[in-house]
Undergrad: 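Structure incoming, see below.
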Number of protein chains: 2
Amino acid sequence: MTPRIGMDKQIIVAAAVEIADAEGLESVTLARVAEKLGVRSPSLYNHINGLQELRMQLTLLALNRLQAAMADAAQGHAGEEGLRRVSRAYVSFARMQPGLYEAVLRSPDPAEQQVGEAASAIVKLVQEQMSCFGLEGDASLHAVRGFRSMLHGFAELERAGGFGLPLDLNKTLELMIEAFGRGLPVYKEALNG
Amino acid sequence: MTPRIGMDKQIIVAAAVEIADAEGLESVTLARVAEKLGVRSPSLYNHINGLQELRMQLTLLALNRLQAAMADAAQGHAGEEGLRRVSRAYVSFARMQPGLYEAVLRSPDPAEQQVGEAASAIVKLVQEQMSCFGLEGDASLHAVRGFRSMLHGFAELERAGGFGLPLDLNKTLELMIEAFGRGLPVYKEALNG
DNA sequence: CCACAAAAACTAATAACATTAGTTTTAGAT
DNA sequence: ATCTAAAACTAATGTTATTAGTTTTTGTGG
C-alpha cells in the first residue's frame, strides 16, 4: 500500500527550480527534469499533472518565496527604510533565483485561485508599507501597482540583459526607490484628499 | 534567375506578428507560420534562418515599432506633457500588439548588435525627454532606466494578468506617471548636484 | 521559342519533446 | 507468503525544429 518512496511533487519542483536557475525557465522540460531525477519522463505523471502543472507550481513557489523574502526584509521596518528594504529583497530574490523569478508571471492560468492568493499576499504586504505614508483604499492599491511595476520591470530588464550600458545597477535601483518615495504623495493628493 | 515571388522575410515576420498578437508569442512556431502562409515549414528556411532568427526579427520589429510610436507621441512636446505622452504611447503599443510586445525582451541573444541599436534609440529618445528636467549624463541614464522599468513592468503585469483587482488601470498609469515626474528631482540632486 | 540556372518550393528523415496506454516492479499491509 | 496499489517502466502517437536531397518554377540569354 505504500510503494516506492523518494519521489514526490516537491522533489520534482525542486529539480525544476535548479534547472530554471541554472539554464533558464525555457530549459525546464519534463524530459530534463526526469533525467536529473534519474527517471523516465512518463514516471513524473504519477506525481504531477504534466508540464502545465509543473509550471503552475513554479509560479506558486516563486510567489511564495518572493513574499517570504519581502516579509522577512520588512520585519520591524517602516516608512522609507521599510520601502528600501522590501525593494532590495525583491530584486535580490530575482537575482538569486533568476529562473524561478521568470516563472512569477508565466503561470499557464494567471486566474488560478492559488496563484491569485499568493499574489494577494504580496499586495497586502506592500499595502502595509504604504499605510505608513498615509495611503489607504484605492490610493494604496494604485501605489502598490506602481511599486510592483517598477520592481518587476527592473528585475526583468536586468535579468534579460535589457540594460545595455555599463552603469551601476545598484545605483539605479537605489535612486529609483528614492524617487518612488518622493512620488508617493501624488497618490495621497489624488485620492485620499 | 528570379524565381517564385511572394514570400520573403518580411512576410514571414508579419505572419508571425499576427499569430503572436492573436494567440501569444508562445504560439509562434515555424509550423504555425508556415500553415498560415500556405507553405510547408522547411520552405521558410529559404528566407529565414530558423526559429531563432524569427524570434530575433520579432524583437527587432517590436523595438522599432515601439520607438516609432514613442517618437511620434513625443513630437513637439516636452516636460511633464512629453513624459505623459511618451508613457501612454508605450503602454498603448503594448496593449495593441501584446504578442509583439512580449518579444521586446525575449531576443535569443540580447547582446545582438541590431537589438542593442534599436534599444539605444529608445534610450536616446527618453533621454531627450529627461533633458527638459535638467538631467544629464549618468543622472539621465539612471532616470531612463527607472522610466523603462516602470513602463515595462506595468505593461507586462497588465498583459500577463498580474493585476488581479478590478481597479481602473488607466488611473493607475496616470498616477504612476505623475508620481514618476514628482520623483525626478531625486536623480538631479544625487548626481547633477 | 527554347533551354538553363538558381531560387524556392517540395518530400523524406531525424531528433527532441509531451503525453497516453498498458505492463511490470516493488514494498508495505495482511 | 501473498496481495495490492503506487510508482516505475516500455511502447506508441503526435507535434515541433531542422537537415538533406529532389522537384518545380520562372526570368534571362541564346
Side-chain angles (χ1 to χ4, degrees), chain A residues 1-61 99-100 102-103 106-109 112, chain B residues 1-61 99-100 102-103 106-109 112:
Chain A
M1 249 195 188
T2 316
R4 256 173 272 191
I5 37 165
M7 171 86 58
D8 76 356
K9 196 179 284 190
Q10 277 206 342
I11 290 176
I12 292 172
V13 173
V17 170
E18 281 189 40
I19 295 166
D21 285 337
E23 307 167 28
L25 190 61
E26 285 224 344
S27 298
V28 175
T29 64
L30 291 183
R32 188 83 188 66
V33 170
E35 183 199 34
K36 190 175 188 86
L37 294 173
V39 133
R40 301 308 183 118
S41 59
S43 305
L44 300 176
Y45 285 79
N46 285 312
H47 307 283
I48 201 161
N49 201 351
L51 189 58
Q52 291 254 314
E53 192 194 342
L54 179 55
R55 290 188 173 152
M56 204 261 276
Q57 294 294 333
L58 285 177
T59 296
L60 226 45
L61 183 64
L100 187 56
E102 271 188 88
R106 295 237 207 311
S107 165
D109 177 13
E112 219 275 338
Chain B
M1 250 194 188
T2 315
R4 256 174 273 192
I5 37 163
M7 173 86 56
D8 75 356
K9 195 178 287 190
Q10 277 205 342
I11 289 176
I12 291 172
V13 173
V17 170
E18 281 189 41
I19 294 165
D21 286 335
E23 307 167 28
L25 191 61
E26 287 223 346
S27 299
V28 175
T29 64
L30 291 183
R32 186 82 190 67
V33 170
E35 184 199 34
K36 192 176 186 83
L37 294 174
V39 135
R40 303 305 183 122
S41 60
S43 304
L44 300 177
Y45 285 79
N46 284 311
H47 307 282
I48 201 160
N49 202 352
L51 188 59
Q52 290 255 316
E53 193 194 342
L54 179 55
R55 289 187 173 151
M56 204 262 275
Q57 294 294 333
L58 284 177
T59 296
L60 226 45
L61 184 62
L100 186 56
E102 272 188 88
R106 296 237 207 313
S107 165
D109 177 13
E112 219 274 339

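These numbers come from a predicted model, not from an experiment. Chain naming here is simple, since letters A, B, ... match the order of the sequence lines and numbering starts at 1 in each.
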Undergrad: Measuring to OP1 and OP2 of D:dC9, would you say a side-chain N or O of A:Ser43 lies under 4.0 angstrom away?
TA: yes
Undergrad: Taking atom CG as the centre, does A:Asn46 end up with more than 12 heavy-atom neighbours from other residues, nucleotides or ligands that are less than 6.0 angstrom away?
TA: yes
Undergrad: If you measure from CG on B:Leu60 to CD on B:Glu112, what distance do you get to the nearest 0.5 Å?
TA: 7.0 Å
Undergrad: State, to 0.1 Å, how close B:Leu37 and B:Met7 come at their nearest heavy-atom pair, and which atoms those are.
TA: CD1-SD, 4.0 Å
Undergrad: Within this structure, what is the CD-CD1 distance for the pair A:Gln10 and A:Ile48, rounded to the nearest 0.5 Å?
TA: 11.0 Å
Undergrad: In whole Å, what is the span from the CZ atom of A:Arg40 to the P atom of D:dT10?
TA: 5 Å
Undergrad: Out of the candidates A:Val33, A:Thr59, A:Thr29, only one should pair with A:Leu54 under the side-chain contact (heavy atoms from CB on, under 4.5 Å) rule; please name it.
TA: A:Val33
Undergrad: Specify the residues of residues 44-55 of chain A, ordered by number, for which at least one heavy atom lies under 4.0 angstrom from an atom of DNA chain D.
TA: A:Asn46, A:His47
Undergrad: Short of 4.0 Å, heavy atom to strand atom, which residues of residues 10-36 of chain A count as contacting DNA chain D?
TA: none
Undergrad: Kindly compute the distance separating CD (B:Glu18) from CZ (B:Arg32), expressed to the nearest 0.5 Å.
TA: 10.0 Å
Undergrad: Any idea which of C:dT19, D:dA20, C:dA9 is nearest the B:Pro42 side chain?
TA: D:dA20
Undergrad: Give the rounded distance in Å between these two atoms: CG of B:Leu37 and C1' of C:dA9.
TA: 13 Å
Undergrad: Tell me every residue that passes salt bridge (Lys or Arg N to Asp or Glu O under 4.0 Å) with B:Arg40, counting only those two or more places apart in sequence or in another chain.
TA: none
Undergrad: Just verifying a value: how many Å separate A:Lys36 NZ and A:Ile11 CD1, rounded to the nearest 0.5 Å?
TA: 13.0 Å
